[in-house]
Amino acid sequence: MPPVKYVSMDGKIVPYDQGTVHVMSPAFRYGAVVFEGIRFYWSDSRKDLLLFRLREHLVRMLFSMKIMRFDHDLTVARMEAGILEVIRRNELRETGHIRLFAYVDGEGEQSSQSPIRWAITAIPMPRRARVDSGVRCGISSWQRINDNAMPPRAKVAANYNNGRMAMVQGKLDGFDNVILLTQHGHISESPGSCFFMIRNGIPVTPAVTDSILESITRETLIQLFAEGLGMKVVERSIDRTEVYCAEEAFFCGSGQEVVPILSVDHHAVGTGAIGETTRKLQKLYFDVVTGASSPHPEWITPVYAK
Ligand code: PMP
């Protein structure tokens with residue numbers, strides 16, 4: 001059973017089963033696909049679905065395509081209209097997730113003339129259990145890709161094979177999630193989320209030059225730390241053993257949300273339970289995304305009211 005009735009292909013609504021790409025396309029052969037993952041939340045207070053930081057995701061989509069030299073005619077307005085349409089046509093009224101793709105199609109080797117197509121899916125996706133339970137993670141022996149080989153700043157499907165190898169290995173080793181180190185041996189990020197720790201009372205997150213995706217959730221939390229908790233986040237390189245000594249740590253991402261880290265390489269983080277500040281930040285984040293509080297109305301795009 002498909003999760004929804006429709007998907008959007010090149011701006012047109014089609015039945016879910018027609019959301020296909022040919023095996024000969026560079027998208028399939030080489031992972032020549034740029035994408036975004038965006039959440040929308042059911043808001044009890046507004047009786048509407050709220051897309052979180054849609055504009056920022058669409059701007060990142062454009063710069064990922066720029067880095068990848070995708071020659072296209074997509075705009076923020078076209079992508080936004082496509083996203084709203086696919087949610088509305090599926091009549092979704094529960095928390096879920098958008099995937100927006102742009103990909104290289106055609107049969108031959110890819111060139112600047114290869115057609116760029118685009119697609120959107122919208123499916124229900126509730127909060128995952130690990131947001132409440134936390135995760136035990138390990139430092140991967142796989143190194144994070146770097147800017148001069150496969151730029152992590154661009155959200156490109158092929159990049160995710162790096163995270164996949166690390167995650168499959170990490171699961172075999174008994175961990176729930178993994179942290180990859182940069183080519184210089186500093187903390188980078190997990191396969192699908194960014195990293196924060198609290199050390200000596202100060203929140204710290206790797207710098208954007210530490211081979212991370214420039215995460216929208218990371219930026220949101222930097223603001224919520226300051227505005228909601230009066231704590232200034234330091235963006236700098238982090239050594240592996242600093243994490244072993246941290247009081248609290250968590251992962252963050254649009255899909256993953258805010259996931260507490262209980263241990264790293266079997267070292268308990270703090271007491272080994274979910275930290276107090278992490279819990280406060282989770283509450284601030286969930287209140288903002290579900291519209292229970294609205295410190296930044298510009299972060300929210302209502303689906304049905306608009
Ligand atoms: N890093 C990677 C590799 C990711 O895939 C994601 C999820 N998009 C993130 C970090 C978090 O980014 P964002 O907060 O923008 O979703």
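Counting begins at 1 with the first residue of the sequence. Indexing begins at 1, ligand by ligand and atom by atom, following the structure's order.
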Original post:
Looking at C194, which atoms of ligand 1 are within less than 4.0 Å of one of its heavy atoms?
Top reply: 10 (C)

Subject >> Where ligand 1 meets Y160 - atom numbers and elements under 4.0 angstrom, heavy-atom basis >> reply: 2 (C), 3 (C), 4 (C), 5 (O)

Original post:
Which residue from G192, S211, S190 reaches closest to atom 9 (C) of ligand 1 through any of its heavy atoms?
Top reply: G192

**OP:** Answer side chain, backbone, both or neither: which part of R60 comes under 4.0 Å from ligand 1, heavy atoms only.
**Re:** side chain

Original post:
Between E214 and ligand 1, which residue portion shows a heavy-atom distance shorter than 4.0 Å: side chain, backbone, both, or neither?
Top reply: neither

Output yes when a side-chain donor or acceptor of [X] lies under 3.5 Å from a complementary backbone atom of [Y], and no otherwise.
X: D10; Y: R117; answer: no
X: E248; Y: V269; answer: no
X: S294; Y: P297; answer: no

Subject >> Side chain to side chain, I261 and N177, heavy atoms closer than 4.5 Å >> reply: no

Subject >> Contact check, side chains of F251 and V258, non-hydrogen atoms, under 4.5 Å >> reply: no

**OP:** State whether the shortest distance between N or O atoms of R218 and N or O atoms of ligand 1 falls below 3.5 angstrom.
**Re:** no

Subject >> Polar proximity ligand 1 side, T217 side, N/O cut 3.5 Å exclusive >> reply: yes

Original post:
Does some non-hydrogen atom of K155 fall short of 4.0 Å from ligand 1?
Top reply: yes

Original post:
Should P191 be listed as contacting ligand 1, given a heavy-atom distance under 4.0 Å as the test?
Top reply: yes

Original post:
Under 30°, 30 to 60°, or over 60°: which ring-plane class applies to W299 and H296, parallel, tilted or perpendicular?
Top reply: parallel

Original post:
Does the ring of F63 carry R153 above it, NZ/CZ under 6.0 angstrom from centre and within 45° of its axis?
Top reply: no

Original post:
Who's the nearest protein heavy-atom neighbour of atom 1 (N) of ligand 1, and how far?
Top reply: E189 OE1, 2.8 Å

**OP:** Please report which non-hydrogen protein atom sits nearest to atom 16 (O) of ligand 1, along with the residue it belongs to and the distance in Å to one decimal place.
**Re:** S254 OG, 2.6 Å

Original post:
Would R218 and E235 pass as an ion pair if we require N to O under 4.0 Å?
Top reply: yes

